[in-house]
Amino acid sequence: MKVVLFGPPGAGKGTQARILGSARGWVVLTSGDMVRAMAARPDEPGLGIKQVMESGALIDDQLMIGAVEARLSEDDCRESFILDGFPRTLVQASALDQWLERLQARLDRVIEIQVGDDFLIERITGRFGCVNCGAGYHDLHRPTEVSGICDECGSSHLERRSDDGVTAVRNRLAQYHARTSPLLPYYRQQGLLYCVPGLGPVQEVSRRISEIINGLGQ
Ligand code: AMP
């Protein structure tokens with residue numbers, strides 16, 4: 001099954017993609033991780049990408065499309081994949097459709113995780129994670145038991161994303177509303193769009209997504 005997890009930054013796409021991917025054995029392709037890897041390169045394109053990313057803007061469509069298509073061309077993506085964070089513009093969505101069409105394939109579901117802006121700002125600006133094991137935390141909702149130490153692996157290497165400050169988050173949300181949310185009618189017209197409320201316990205959101213994957217949800 002070929003699935004897009006859709007929604008604003010901080011809606012929980014990454015968390016839900018990881019849960020779904022490990023439950024079903026499907027590859028998860030997280031475009032933000034790909035961009036962070038590009039931005040970590042100490043060359044000129046890397047520095048340019050880092051600057052764009054840290055401002056909260058979107059990186060160039062063709063660069064993103066090339067990177068995603070290269071990964072999707074690998075064997076482990078032939079049957080199933082979960083896209084988290086891509087597509088984010090109409091240009092990206094139509095490139096993905098054309099690419100799938102050439103392979104005589106198509107998306108099966110686009111699942112929108114719905115969360116209002118007010119919740120998102122609080123969610124994103126409070127979050128941090130363990131660099132060593134990837135465990136995620138939040139200042140208010142999930143602090144570490146011992147300050148500065150990861151509950152899961154004991155590492156003290158905890159970090160906040162450089163684009164999780166209030167100014168960049170506001171810009172990321174503005175980009176979402178201006179450039180990404182127009183994809184909702186695009187996918188609705190194709191009969192692919194399903195929506196789940198993104199508030200509530202993580203397991204509850206996963207259950208709603210699973211129902212949609214199993215063909216039971218709205
Ligand atoms: P995310 O982790 O999904 O919030 O992505 C972090 C940043 O990476 C975004 O704010 C963008 O700068 C960049 N990015 C991720 N995915 C895309 C995409 N599909 N198109 C353009 N830029 C992207």
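Counting starts at 1 for both ligands and their atoms, following the listed order. From a predicted model like this one, the values you see are computed outputs, not experimental measurements.
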> Step by step, would you call L120 with Y176 a side chain to side chain contact (heavy atoms under 4.5 Å, CB included)?
Replying inline: CA-CA 12 Å; L120 294 170; Y176 175 77; over 6 Å; no
>> Run the side chain to side chain contact (heavy atoms under 4.5 Å, CB included) test on W26 and I82 for me, step by step, so that the C-alpha distance in whole Å, both residues' side-chain angles and the decisive distance to 0.1 Å come before the verdict.
In response: CA-CA 7 Å; W26 298 342; I82 303 164; 3.9 Å; yes
> At what distance is the nearest protein heavy atom to atom 7 (C) of ligand 1, and which residue and atom is it?
Replying inline: M53 CG, 3.6 Å
> Which protein non-hydrogen atom lies closest to atom 9 (C) of ligand 1, naming both residue and atom, and how far is it?
Replying inline: R88 NH2, 3.9 Å
>> When you measure from the heavy atoms of V52 to every atom of ligand 1, does any distance fall below 4.0 Å?
In response: no
> Just checking, is any N or O donor in the side chain of S210 or R24 under 3.5 Å from an acceptor N or O on the other one?
Replying inline: yes
>> Tell me which one of L5, V3, L96 satisfies side chain to side chain contact (heavy atoms under 4.5 Å, CB included) with L83.
In response: L96
>> Could you identify the single nearest non-hydrogen protein atom to atom 11 (C) of ligand 1 and state the distance to 0.1 Å?
In response: A57 O, 3.4 Å
> How close does the nearest protein non-hydrogen atom get to atom 16 (N) of ligand 1, and which residue and atom is it?
Replying inline: S31 OG, 2.7 Å
> What's the verdict on salt bridge (charged side-chain N to carboxylate O under 4.0 Å, His left out) for K50 and D163, showing C-alpha distance, side-chain angles and the deciding distance?
Replying inline: CA-CA 10 Å; K50 184 166 188 276; D163 58 344; over 6 Å; no
> Under 4.0 Å from ligand 1, counting heavy atoms only, is it the side chain of R172, its backbone, both or neither?
Replying inline: side chain
>> Distance under 4.0 Å to a non-hydrogen atom of D163: what atoms of ligand 1 satisfy this?
In response: 6 (C)
>> How far is atom 20 (N) of ligand 1 from the closest protein heavy atom, and which atom is that?
In response: Q92 NE2, 2.9 Å
> Taking R123 for the side chain and G10 for the main chain, is one N or O donor matched with an acceptor at less than 3.5 Å?
Replying inline: yes
> Nearest protein heavy atom to atom 6 (C) of ligand 1, by residue and atom, and its distance?
Replying inline: R161 NH2, 3.4 Å
>> So if I count the atoms of ligand 1 from 1 in the order they appear, which ones are less than 4.0 Å from some heavy atom of R36?
In response: 2 (O), 6 (C)
> At what distance is the nearest protein heavy atom to atom 22 (N) of ligand 1, and which residue and atom is it?
Replying inline: I59 N, 3.1 Å
> Can you list the steps and then say if V27 with R71 is a side chain to side chain contact (heavy atoms under 4.5 Å, CB included)?
Replying inline: CA-CA 10 Å; V27 171; R71 179 64 187 91; 3.6 Å; yes
>> Between H138 and E122 (side chain of the first, backbone of the second, donor and acceptor by atom type, cut-off under 3.5 Å), is there such a pair?
In response: yes
> Got the closest protein heavy atom to atom 14 (N) of ligand 1, with its distance?
Replying inline: V35 CG2, 3.7 Å
>> For a side chain to side chain contact (heavy atoms under 4.5 Å, CB included) check, start with the C-alpha distance between Q114 and L199, then their side-chain angles and the critical distance, and finish with the verdict.
In response: CA-CA 8 Å; Q114 298 175 319; L199 292 181; over 6 Å; no
>> Polar contacts were defined as any N/O atom of the residue lying under 3.5 Å from an N/O atom of the ligand; does this apply to G85 and ligand 1?
In response: yes
